[in-house]
Number of protein chains: 4
Amino acid sequence: MAQLLDAAAKVFCTSGYTSASTNAIAREAGVSPGTLYQFFPNKEAIAIELGGRLLEDWHRSHGAALEATSLDLPFDQMLDAVLDPLFAFNYENPAFAVLIHGPGAPGQITQEFEAIHASLLTRLEGVISSYLPDAPPAQLTLIANTSFAIFKAGLDLVLTHEGTEREAYATEVKRAMYRYLEPLFPEDHTESCASFHTP
Amino acid sequence: MAQLLDAAAKVFCTSGYTSASTNAIAREAGVSPGTLYQFFPNKEAIAIELGGRLLEDWHRSHGAALEATSLDLPFDQMLDAVLDPLFAFNYENPAFAVLIHGPGAPGQITQEFEAIHASLLTRLEGVISSYLPDAPPAQLTLIANTSFAIFKAGLDLVLTHEGTEREAYATEVKRAMYRYLEPLFPEDHTESCASFHTP
Amino acid sequence: MAQLLDAAAKVFCTSGYTSASTNAIAREAGVSPGTLYQFFPNKEAIAIELGGRLLEDWHRSHGAALEATSLDLPFDQMLDAVLDPLFAFNYENPAFAVLIHGPGAPGQITQEFEAIHASLLTRLEGVISSYLPDAPPAQLTLIANTSFAIFKAGLDLVLTHEGTEREAYATEVKRAMYRYLEPLFPEDHTESCASFHTP
Amino acid sequence: MAQLLDAAAKVFCTSGYTSASTNAIAREAGVSPGTLYQFFPNKEAIAIELGGRLLEDWHRSHGAALEATSLDLPFDQMLDAVLDPLFAFNYENPAFAVLIHGPGAPGQITQEFEAIHASLLTRLEGVISSYLPDAPPAQLTLIANTSFAIFKAGLDLVLTHEGTEREAYATEVKRAMYRYLEPLFPEDHTESCASFHTP
DNA sequence: GATGAATGAGGATTCATTCAT
DNA sequence: TATGAATGAATCCTCATTCAT
């Protein structure tokens with residue numbers, strides 16, 4: 001039930017995944033614990049389903065359109081076109097960030113978070129390979145993982161700030177991403193990226 | 001007791017901070033739970049103290065020397081000089097990474113992790129300000145936070161891989177850091193940084 | 001619904017009565033839990049009804065015929081004539097054995113199992129009294145209960161073995177029953193019982 | 001703690017093993033659930049430990065003496081010498097009977113009950129083999145299992161009755177055992193067993 | 001100083017049963 | 001008549017913390 005997933009999103013954001021209790025989720029949703037377990041076999045399943053729904057939401061609202069158009073843009077504009085809505089989406093759905101990071105020690109992605117992780121990573125790898133068609137797969141993975149790590153870290157930075165600060169962090173994270181990735185792509189559209197060159 | 005902190009480090013690495021139980025730490029240390037609470041008032045205090053000790057360890061073993069010498073190096077060499085030992089230190093003390101990230105939802109630094117966080121951030125801000133003496137404090141903070149975020153994310157990447165892959169990620173993370181920070185410093189030592197320019 | 005009782009039989013055999021959940025029975029029957037409760041007021045009632053149906057099945061398939069003919073047989077042949085089909089019936093309907101024994105501590109027959117218990121016991125008492133027409137009722141009950149206990153215990157033994165072993169146990173249980181009961185009946189057909197006399 | 005095992009024994013007798021809740025055991029023992037789990041890792045362990053303690057108790061109080069002397073007795077006296085104290089012990093420790101029978105469907109001995117089962121069965125097999133030294137192992141097992149089944153069933157019968165009835169059942173069960181086993185032993189002490197021959 | 005038994009609220013999960021549709 | 005979501009107390013078990021010894 002959407003009601004339960006909404007409640008789960010709220011509780012995950014408040015307490016983190018590990019500390020979120022199924023009873024708290026049920027209470028937040030205004031149902032009994034038993035009801036929760038009629039829809040989800042366990043806590044993991046809630047996270048998985050919530051991740052899936054958020055992924056879908058993102059795709060429906062922005063992702064699909066982006067994938068259709070953004071790849072034709074120069075790299076810096078593409079970054080804006082992708083990351084700005086992505087930041088906005090995460091601000092409106094802060095549970096997404098919780099799910100992107102796993103439950104406990106980072107780097108220890110457990111099954112329930114593998115899916116959302118893999119989905120985003122695959123998409124990212126696709127984008128990068130479209131800019132770097134000749135790179136060997138190992139390097140693609142390397143770059144994608146590094147970019148994704150920077151994105152995740154930057155996302156937290158953006159989400160934990162408000163107002164002008166948030167915007168400053170958003171710009172800074174995009175700048176970092178741009179500078180990291182831009183030299184990889186020996187294109188001639190460098191002039192259009194002037195804005196990221198100056199601090 | 002060092003014995004207790006060692007045990008805590010081990011258990012934190014194995015289970016993450018949240019899932020680590022004080023009883024497990026006591027057992028690992030070979031003492032009773034009561035003994036643990038004679039040295040630390042609660043679980044938080046263990047994390048804080050462990051963080052403090054690791055910070056000291058780092059400082060004693062490399063940090064102090066680095067701070068004395070590295071600032072005179074060209075920027076790219078400074079990055080190598082700082083990050084390589086830092087990665088190595090984290091590999092030998094994986095609890096450090098656990099403490100750098102908090103317990104639950106990222107961005108929600110709770111009190112026990114504030115100290116270690118702040119300590120590292122302050123030091124980083126110092127380094128950056130030495131390269132950017134004229135920048136306003138707000139920008140310094142912005143850059144330091146962003147750099148720190150990239151470092152933390154990159155550290156996880158490095159720690160979760162082994163052998164050749166680990167080295168590749170270490171290089172890639174340093175590359176990302178370098179590319180992010182280098183344009184900020186309008187120095188003339190750019191030619192020496194050639195290695196980071198080509199993918 | 002027969003469908004529900006079949007499902008209950010299956011689940012009772014798989015999980016035992018206590019661990020069998022009404023939801024599992026409904027699922028096995030391919031109906032919703034609500035439907036189950038339209039036919040049975042509670043779990044007990046399912047057991048009772050299933051017991052009744054199995055009793056009927058037994059009576060229809062063998063019991064009736066047996067009662068008509070077996071009493072004329074010499075005692076050892078009667079035992080074969082009764083116990084062999086009874087063992088076979090229990091092998092084909094293993095739920096019967098589950099229902100014969102109660103849910104928890106043995107000897108603590110709860111209401112739902114009282115019926116099936118009493119029904120079998122009454123029949124057994126009838127048989128015994130036909131061989132011992134002059135015995136006082138108390139002794140009849142004593143013998144019937146003891147015989148029934150041996151039968152139940154032996155039945156488990158038979159049902160938990162397969163193939164040749166099963167047959168060996170069936171024979172052994174019949175031997176025990178015979179030896180226990182035979183001296184009670186001072187008949188002259190002893191010579192026909194030779195097979196049970198030698199180990 | 002003995003306190004906990006006593007409480008467990010009481011609750012097991014009241015509710016059976018499956019329905020006995022660890023919280024109920026703790027409450028009965030006058031401690032909190034957490035305390036229980038400091039002594040036993042789980043419910044199974046309680047049953048195992050309780051079984052072990054009862055087995056020891058039996059051995060210490062009667063079993064050891066019996067094994068030293070009873071095998072020299074004629075068979076019928078041996079039965080009295082063994083079964084009477086055994087019935088008495090079970091009456092004083094009714095949890096023993098609960099543990100002898102498993103949790104759910106009979107014949108499905110689960111691990112926690114395997115030990116107590118095996119221990120008794122081994123001892124029984126020993127006794128029988130001392131009377132039947134030339135029997136093949138398979139037959140020994142067959143006889144031991146059958147005898148044990150009869151004993152367990154008879155024990156329930158004895159335990160569920162009181163006063164004169166109990167004695168009558170005890171005698172009857174011993175009679176059944178005697179009659180089952182006696183023909184196996186071609187001894188010449190048959191005359192001493194006259195009491196079991198007449199109903 | 002060290003112990004380790006004791007706590008008890010809280011965790012995830014189950015299940016017999018109900019009731020609005 | 002059948003559904004299946006809803007219930008909520010109860011299940012086993014955990015854990016940070018305390019305190020008498």
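All of these numbers come straight from a predicted model, not from anything done at the bench. Residue numbers start from 1 in every chain, and the chains themselves are labelled A, B, ... in the order their sequence lines are given, proteins ahead of strands.
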Atom CG of B:Leu54 and atom CZ of B:Phe89: how far apart are they, to the nearest 0.5 Å?
5.0 Å

note: B:Leu36, atom CG; F:dC19, atom C1'; distance rounded to Å ~ 15 Å

How long is the line joining CZ of B:Phe40 and P of F:dT17, in whole Å?
13 Å

Start at the 5' end of DNA chain E and walk down; is the nucleotide closest to D:Pro33 or to B:Pro33 reached first?
B:Pro33

Testing D:Asp57, D:Leu50, D:Leu120 one by one against D:Phe96 for a side-chain contact (heavy atoms from CB on, under 4.5 Å), which residue passes?
D:Leu120

When the distance from CZ of D:Arg27 to C1' of F:dC13 is rounded to whole Å, what number comes out?
15 Å

If pairing means Watson-Crick or G-U wobble with both distances under 3.5 Å, then the partner of E:dT3 is F:dA20

Take the protein atom NZ of A:Lys43 and the nucleotide atom P of E:dG11, then report the distance between them rounded to whole Å.
9 Å

At 4.0 Å (heavy atoms only), tell me whether A:Thr22 reaches a base, stays on the sugar-phosphate, or touches nothing.
base

Give the rounded distance in Å between these two atoms: CE of D:Met1 and P of E:dG4.
13 Å

On DNA chain F, compare the nucleotides closest to A:Gly30 and B:Ala20; which residue's is nearer the 5' end?
A:Gly30

pair_partner(F:dC13), Watson-Crick or wobble, both distances < 3.5 Å, evaluates to E:dG10

Could you give the CG-to-C1' distance, from B:Leu4 to E:dG1, as a whole number of Å?
13 Å

Checking E:dT7, F:dT1, E:dC15 against the side chain of C:Gln38 (C-beta onward), the nearest is F:dT1

Reading DNA chain E from 5' onward, which residue's closest nucleotide shows up sooner: C:Tyr37 or B:Phe39?
B:Phe39

From CG of A:Asn42 across to P of E:dG11 the rounded distance in Å is 17 Å

Does E:dG1 have its OP1 or OP2 closer than 4.0 Å to a side-chain nitrogen or oxygen of B:Thr35?
no

Does B:Phe148 have B:Lys152 sitting over its ring (NZ/CZ under 6.0 Å from centre, angle to axis within 45°)?
yes

For a quick test of reading the model: is some side-chain N or O of A:Ser32 closer than 4.0 Å to OP1 or OP2 of F:dG8?
no

Between the main-chain N or O of B:Ala29 and the side-chain N or O of B:Lys10, is there a donor-acceptor pair closer than 3.5 Å?
no

Rounded to the Å, how far apart are B:Ile46 CD1 and F:dC15 C1'?
13 Å

Nearest nucleotide by nearest heavy atom, which residue falls closer to the 5' end of DNA chain F, D:Gly34 or C:Asn23?
C:Asn23

To the nearest 0.5 Å, atom CD1 of A:Ile25 lies from atom CZ of A:Phe12 at 4.5 Å

